[in-house]
Visitor: 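For reference, the structure I am asking about is given below.
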Amino acid sequence: MCMPEVEGQTEHYLAIEHGDSADRGMWTGALGGGLGCFLFIMAMIALLNGHTQSAAQAFFVATACTVIPFLLEILRPMPLPILLNRRTRELYFEQEGEIYHTPWDGIAAATYAYGTVGPYTAGMRHAALEALLHRYGHPQEQVVINLGSPTGKSLEMQLGFWEYLRTYMDDGPWFDQKGQSSDSPEFNHSLLAARKRRGHWTRLQWRDIKEQYQANDGRNFLSGSDFVLLVGSLFLAPLNAIQNFTYAMAKRRSRSQWPQMIRERLRDDGPTNRLVDLESTSSNTGV
């Protein structure tokens with residue numbers, strides 16, 4: 001199972017989205033796609049009725065609701081993703097300028113399920129998938145990171161995600177739906193496409209309605225919930241589109257860079273020795 005947290009997958013590395021960047025674009029989508037679109041419609045109505053000044057004011061506020069949060073979100077640096085490097089067989093994580101890593105062979109990882117109960121949320125299931133890493137050059141400083149959000153996940157989902165990562169590292173980079181090695185990236189790209197289409201609820205809901213129509217031969221196929229979900233997805237379409245666009249721009253323009261020793265190991269012709277090997281060499285040299 002490929003979780004939506006997977007940002008990208010190449011022949012040499014797989015990137016998992018950092019949790020702090022998952023909601024990037026949300027404010028621009030809410031203010032620009034929600035309030036901004038509403039004010040723009042009001043401005044058009046005012047302009048058609050001859051209220052030029054009111055239309056100009058509404059246009060100005062609508063533009064401000066879109067442009068200001070957009071600039072703030074794309075200019076604020078995004079955290080770097082978690083990287084799994086197939087060439088060197090190790091995992092990288094960056095936090096506040098410090099690099100943490102661990103070799104893939106012999107990695108310490110665990111998954112477990114737990115639930116939370118609250119007076120407003122009732123019962124919710126969660127499952128964490130964690131890995132143990134240490135700071136580069138300081139093996140005694142260790143950190144446990146989540147490989148994706150545990151919220152709303154089941155133990156089976158996290159086990160499936162771990163198997164996806166394991167298959168990528170051990171049998172990949174491309175494989176079919178049975179986990180068998182493949183020369184074609186078609187199956188992997190089809191899973192990653194779900195992330196690119198996130199927020200396209202209208203298309204998904206319409207597909208479900210057509211499937212119900214075919215299954216019931218066109219009789220009694222449309223329920224009240226189907227209608228509400230379809231109309232709701234149409235209403236949220238501008239919000240989702242603007243949020244996705246803002247996320248893409250922020251990722252492209254404001255993401256910080258990995259240190260040189262990481263970037264060169266992601267290249268096709270880069271070094272194949274691991275960071276732990278560099279630490280060992282440095283330690284021996286120091287002795």
Visitor: With sequence neighbours excluded, tell me which residues meet side chain to side chain donor-acceptor pair (under 3.5 Å) with E11.
Guide: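 Counting only residues at least two positions away or on another chain, E11 forms no side chain to side chain donor-acceptor pair (under 3.5 Å).
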Visitor: If you define the side chain from C-beta out and look only at heavy atoms, does anything of R125 sit under 4.5 Å from Y114?
Guide: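 They are not in side-chain contact.
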Visitor: For residues 139-147, which side-chain donor-acceptor pairs fall under 3.5 Å, sequence neighbours excluded?
Guide:
from : atom 1 : to   : atom 2 : distance (Å)
E141 : OE1    : R135 : NH1    : 2.9
E141 : OE2    : R135 : NH1    : 3.1

Visitor: For T272, is there any backbone N or O sitting under 3.5 Å from a side-chain donor or acceptor partner on R87?
Guide: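 Looks like no, no N/O pair under 3.5 Å.
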Visitor: Only pairs under 3.5 Å count here: list side-chain donor-acceptor contacts from residues 25-34, not counting sequence neighbours, and write none if there are none.
Guide:
from : atom 1 : to  : atom 2 : distance (Å)
T28  : OG1    : P69 : O      : 3.3
T28  : OG1    : F70 : N      : 3.3
T28  : OG1    : E73 : OE1    : 2.6

Visitor: Would the distance check show the side chain of Q95 and the main-chain N or O of E98 forming a donor-acceptor pair, the cut-off being under 3.5 Å?
Guide: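 Pair absent, no side-chain N/O of Q95 close to backbone of E98.
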Visitor: Does S149 have any side-chain contact (heavy atoms from CB on, under 4.5 Å) partners at least two apart in sequence or in another chain, and if so, which?
Guide: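 Scan of S149 (side-chain contact (heavy atoms from CB on, under 4.5 Å), adjacent residues dropped) gives E5, T151.
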Visitor: Same cluster or not: are L129 and L191 linked, directly or through other Ile, Leu, Val, Met, Phe, Trp or Tyr residues, by side-chain heavy atoms under 4.5 angstrom apart?
Guide: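 Yes, because L129 and L191 connect within a single hydrophobic cluster, where side-chain heavy atoms sit under 4.5 Å apart.
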Visitor: Roughly how far apart are D170 CG and E163 CD, rounded to 0.5 Å?
Guide: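 Taking CG in D170 and CD in E163, the distance rounds to 9.0 Å.
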Visitor: Heavy-atom distance under 4.5 Å between the side chains of Q177 and F187, does that happen here?
Guide: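 Heavy-atom side-chain distance check passes, below 4.5 Å.
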Visitor: Decide yes or no for P185 and W174: does some side-chain heavy atom of the first lie under 4.5 Å from some side-chain heavy atom of the second?
Guide: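 When only atoms from C-beta onward are counted, W174 and P185 do touch, with a gap below 4.5 Å.
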Visitor: When you measure from the side chain of R24 to the backbone of K251, do you find a donor-acceptor pair of N or O atoms at a distance under 3.5 Å?
Guide: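 Answer holds: no.
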Visitor: Would you mind reporting whether Y92 and R265 have side-chain heavy atoms less than 4.5 Å apart?
Guide: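 They are in side-chain contact.
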Visitor: So, taking the atom named CD in E94 and the one named CD1 in I99, what distance separates them when rounded to the nearest 0.5 Å?
Guide: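 Between atom CD of E94 and atom CD1 of I99 there are 5.5 Å.
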Visitor: Taking only residues two or more places apart in sequence or in another chain, which ones pass salt bridge (charged side-chain N to carboxylate O under 4.0 Å, His left out) with D269?
Guide: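 Testing D269 for salt bridge (charged side-chain N to carboxylate O under 4.0 Å, His left out), a comparison that skips the adjacent residues, returns R267.
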Visitor: Quick one: pull up OG1 in T66 and CG in L71 and give me the separation to the nearest 0.5 Å.
Guide: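 Going from OG1 on T66 over to CG on L71, the span is 10.5 Å.
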Visitor: Same cluster for V67 and F245 if Ile/Leu/Val/Met/Phe/Trp/Tyr side chains link at under 4.5 Å?
Guide: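 They do share one cluster, since a chain of ILVMFWY contacts under 4.5 Å joins V67 to F245.
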Visitor: Taking all heavy atoms of A62 and all of G36, pick out the closest pair and write down the distance.
Guide: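 Smallest heavy-atom distance, with atoms named: CB-O, 3.5 Å.
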Visitor: Side chains of L91 and Y100: closer than 4.5 Å at any heavy-atom pair?
Guide: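 Counting from C-beta outward, L91 and Y100 never come under 4.5 Å.
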Visitor: Going from CZ on F175 to NZ on K178, what distance comes out if it is rounded to the nearest 0.5 angstrom?
Guide: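 The CZ atom of F175 sits 15.0 Å away from the NZ atom of K178.
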Visitor: What's the shortest heavy-atom distance between I107 and A131, and which atoms?
Guide: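 Reported closest heavy-atom pair: CD1-CB, 4.2 Å.
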Visitor: According to the ring pair (Phe, Tyr, Trp, His ring centres under 6.0 Å) rule, which pairs have a member within residues 31-53, sequence neighbours left out?
Guide: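 The answer is F40-F59.
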Visitor: Could you see if L275 belongs to whatever hydrophobic cluster contains Y13? Use Ile, Leu, Val, Met, Phe, Trp, Tyr and a side-chain cutoff under 4.5 Å.
Guide: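 Same cluster: L275 reaches Y13 through Ile, Leu, Val, Met, Phe, Trp or Tyr contacts under 4.5 Å.
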Visitor: Excluding sequence neighbours, so at least two apart, what forms salt bridge (charged side-chain N to carboxylate O under 4.0 Å, His left out) with D171?
Guide: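 Salt bridge (charged side-chain N to carboxylate O under 4.0 Å, His left out) list for D171, sorted by chain: R166.
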Visitor: Is I41 reachable from L47 through a run of hydrophobic residues whose side-chain heavy atoms are each under 4.5 Å from the next?
Guide: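 In one cluster with L47: I41, no.
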Visitor: What I want to check is whether the side chains of N85 and H12 have a donor and an acceptor closer together than 3.5 Å.
Guide: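 No pair is found: no donor N or O on one side chain lies under 3.5 Å from an acceptor on the other.
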Visitor: Any sub-3.5 Å donor-acceptor pair from R86's side-chain atoms to G172's backbone N or O?
Guide: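 Checking the backbone N and O of G172 against the side chain of R86, a donor-acceptor pair under 3.5 Å is found.
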Visitor: Taking only residues two or more places apart in sequence or in another chain, which ones pass side chain to side chain donor-acceptor pair (under 3.5 Å) with Y112?
Guide: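 If we apply the side chain to side chain donor-acceptor pair (under 3.5 Å) test to Y112, skipping adjacent residues, the hits are E130.
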Visitor: With side chain to side chain contact (heavy atoms under 4.5 Å, CB included) as the criterion, how do Q257 and R263 come out once you've worked through the C-alpha distance, each side chain's angles and the decisive distance to 0.1 Å?
Guide: CA-CA 8 Å; Q257 296 293 318; R263 296 201 304 271; 3.9 Å; yes
Visitor: Can you sort out the partners of W162 under ring-ring contact (aromatic ring centres under 6.0 Å, His included), two or more places apart, ordered by chain and number?
Guide: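 W104.
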Visitor: Would you please name every residue forming a side-chain contact (heavy atoms from CB on, under 4.5 Å) with R274, sequence neighbours left out?
Guide: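 Only T88, E90, P103, V276, D277 meet the side-chain contact (heavy atoms from CB on, under 4.5 Å) criterion with R274.
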Visitor: Are P81 and H18 packed together at the side-chain level, in the sense that at least one heavy-atom pair is separated by less than 4.5 angstrom?
Guide: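 No - every pair of side-chain heavy atoms lies 4.5 Å or more apart.
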Visitor: Considering residues at least two apart in sequence or located in another chain, which fulfil the ring-ring contact (aromatic ring centres under 6.0 Å, His included) criterion with Y168?
Guide: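 With sequence neighbours excluded, Y168 shows a ring-ring contact (aromatic ring centres under 6.0 Å, His included) to no residue whatsoever.
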Visitor: Shortest non-hydrogen contact from A55 to A43?
Guide: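 That would be CB-O, 3.4 Å.
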Visitor: Under a 4.5 Å cut-off applied to non-hydrogen side-chain atoms, are F93 and L83 in contact?
Guide: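 Not touching, per the 4.5 Å side-chain cut-off.
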Visitor: Is the closest side-chain heavy-atom distance between I16 and L14 below 4.5 Å?
Guide: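 When only atoms from C-beta onward are counted, L14 and I16 do touch, with a gap below 4.5 Å.
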Visitor: Begin with the C-alpha distance, continue with both residues' side-chain angles, and end with the deciding distance and a verdict on side chain to side chain contact (heavy atoms under 4.5 Å, CB included) for T111 and L159.
Guide: CA-CA 7 Å; T111 181; L159 288 172; 3.5 Å; yes
Visitor: State, to 0.1 Å, how close E264 and P271 come at their nearest heavy-atom pair, and which atoms those are.
Guide: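 Of all heavy-atom pairs spanning E264 and P271, the closest is O-CD, 3.4 Å.
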Visitor: Might you confirm whether atom CD of Q260 has over 12 heavy atoms from other residues, nucleotides or ligands at distances under 6.0 Å?
Guide: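 Yes, CD of Q260 has more than 12 neighbouring heavy atoms, counting only those of other groups under 6.0 Å.
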Visitor: Rounded to the nearest 0.5 Å, how far apart are SG of C65 and CG of L35?
Guide: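 C65 atom SG to L35 atom CG measures 4.0 Å (nearest 0.5 Å).
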Visitor: I'd like to know whether CD of E186 has more than 12 heavy-atom contacts from other residues, nucleotides or ligands below 6.0 angstrom.
Guide: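 Open: at most 12 neighbouring heavy atoms sit under 6.0 Å from CD of E186.
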Visitor: Could you tell me which residues satisfy side chain to side chain donor-acceptor pair (under 3.5 Å) with H101, sequence neighbours excluded, listed by chain and number?
Guide: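 With neighbours one apart ignored, the set is H134, E279.
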Visitor: When you group the ILVMFWY residues by side-chain heavy-atom contacts below 4.5 Å and let the links chain together, are Y247 and I242 in the same group?
Guide: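 In one cluster: no.
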